[in-house]
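A short worksheet on the structure shown next.
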Amino acid sequence: MDLNRQEQRILDGEQGEAAAKAMAILQAIGNIYGADKLIPVTSAQVAGVSYRTIGDAGLEFLSDFARKGAKATIPAYLNPAGMDLKDWKKMGVPKKFAEKQLQIMSAYTKMGISPTCTCAPYHIGIRPALGEHVAWSESNAISFANSMLGARTNRESAVSALSSAILGKTPNFGLHLEENRKAGFVVAVTARMEKITDFGALGAIVGKIAGDRILAFIGIRKANATEERMKSLGAAMAATGSVALYFAKDITPEWNVPKGAAIKTVEVSQRQIDEAKAAMQSEKGEVGLVAIGCPHCSIGEIREIAKKLEARKGKALTMKLWVCTSRKTKEESDRLGYSAAIEKAGGLVVADTCMVVAPLEEMGFSSTAVNSGKAATYLPSLCGQRVKFADIDELLG
Ligand code: F3S
């Protein structure tokens, strides 16, 4: 990949060691994937924030990068951390973990990355426009940006997104190129698709079939396709596969399906959805924790939970309840009284983190109930949890 004169000077160290390292990283990625040049991006979304996922090696890398003067030059946002950065004690996060997590946050803020700590930046107004090039690295955020918003991003890693945050650029390949944004097959959905778990289960099924291929859905009714359900679909496809872009007829702003016999159609029925849901249950009894908010809850989802809990009329919950969301949405929830209603029923609105990147095992949890296909996929393998996968009514009932 060719660098222009200014980029070459950055690589040679004109803007310091950190910028040079970031340039070397992007150049190496560009060379591997056959990019012709670097192109500007308008924002970066940086994963690799939780101490649980990056550990001491990650902390060391970030602290070193910050010490060497790394600074974001474009709007850059963080993915969830391993705990609520203010109320970690309320969550029961061990002190040692919290100390390391706060060091990670300090390195990132030193570099000028906004501590949004959310995997759903699109719920807090960070919504790149159709055709806008960005460098995002959390898999559901990537899927949502590409598919529901029509923005252009590759599946960035934590380090490449951080490099893009510093340089404001990304290598021009993959989903930044129009000719690559085409569906490879069609999924005809005959299932009813009326619940959020239908979307999570559909995503879990299709992700396994797709791998990293682009696909197009037909048969999902627009009236059923709320942003919350579509984010759940995209998140699950990115968890069981690595789908970064899909089209959905009459729902997504783009529809790019080549015509001809080469395009195969796969059908997904209600029976398959129900079987997938059953296969995702590994806990038949009581759970220690109900965790809603993978991807992070919108204010509408929090309102729904608060109303359902109010309807219990003081009947206490028998398990812990976390409602995971961004700090900004939690503040709105506080203002609107939803957080108070949830706390009154014994739950907690947890900001900055989620059930997958928090240290669940260290906190003594072994079984967790979720309404997310992505969380149901990851919790057993990454967090040692037995899982119940159900809709909110059942989870709170
Ligand atoms: Fe977000 Fe955590 Fe799920 S980062 S997509 S809530 S696994």
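The structure presented is a predicted model; accordingly, all values stated were derived computationally and were not measured. Just so you know, ligand 1 is whichever comes first in the structure, and atom 1 is the first atom listed for that ligand. For the numbers below, each heavy atom of this structure counts, side chains included, while hydrogens, waters and symmetry mates do not.
Looking at Thr318 and Glu286, their side chains come closer than 4.5 Å, going by heavy atoms from C-beta outward.
Side-chain N or O atoms of Asn146 include one that pairs as donor or acceptor with a backbone N or O of Thr153 at under 3.5 Å. At distances below 3.5 Å, not a single donor-acceptor pair connects side-chain atoms of Ser63 with backbone N or O atoms of Ala107.
When all heavy atoms of Thr353 and His296 are compared, the closest pair comes out as O-NE2, 2.7 Å.
When the salt bridge (Lys or Arg N to Asp or Glu O under 4.0 Å) test is applied to Arg327, the partners found at least two apart in sequence or on another chain are Asp84, Asp352.
A donor-acceptor pair shorter than 3.5 Å cannot be found between the side chains of Asn4 and Gln8.
Around atom 1 (Fe) of ligand 1, the protein atoms of type N, O or S found under 2.8 Å away are Cys119 SG, listed by chain and number.
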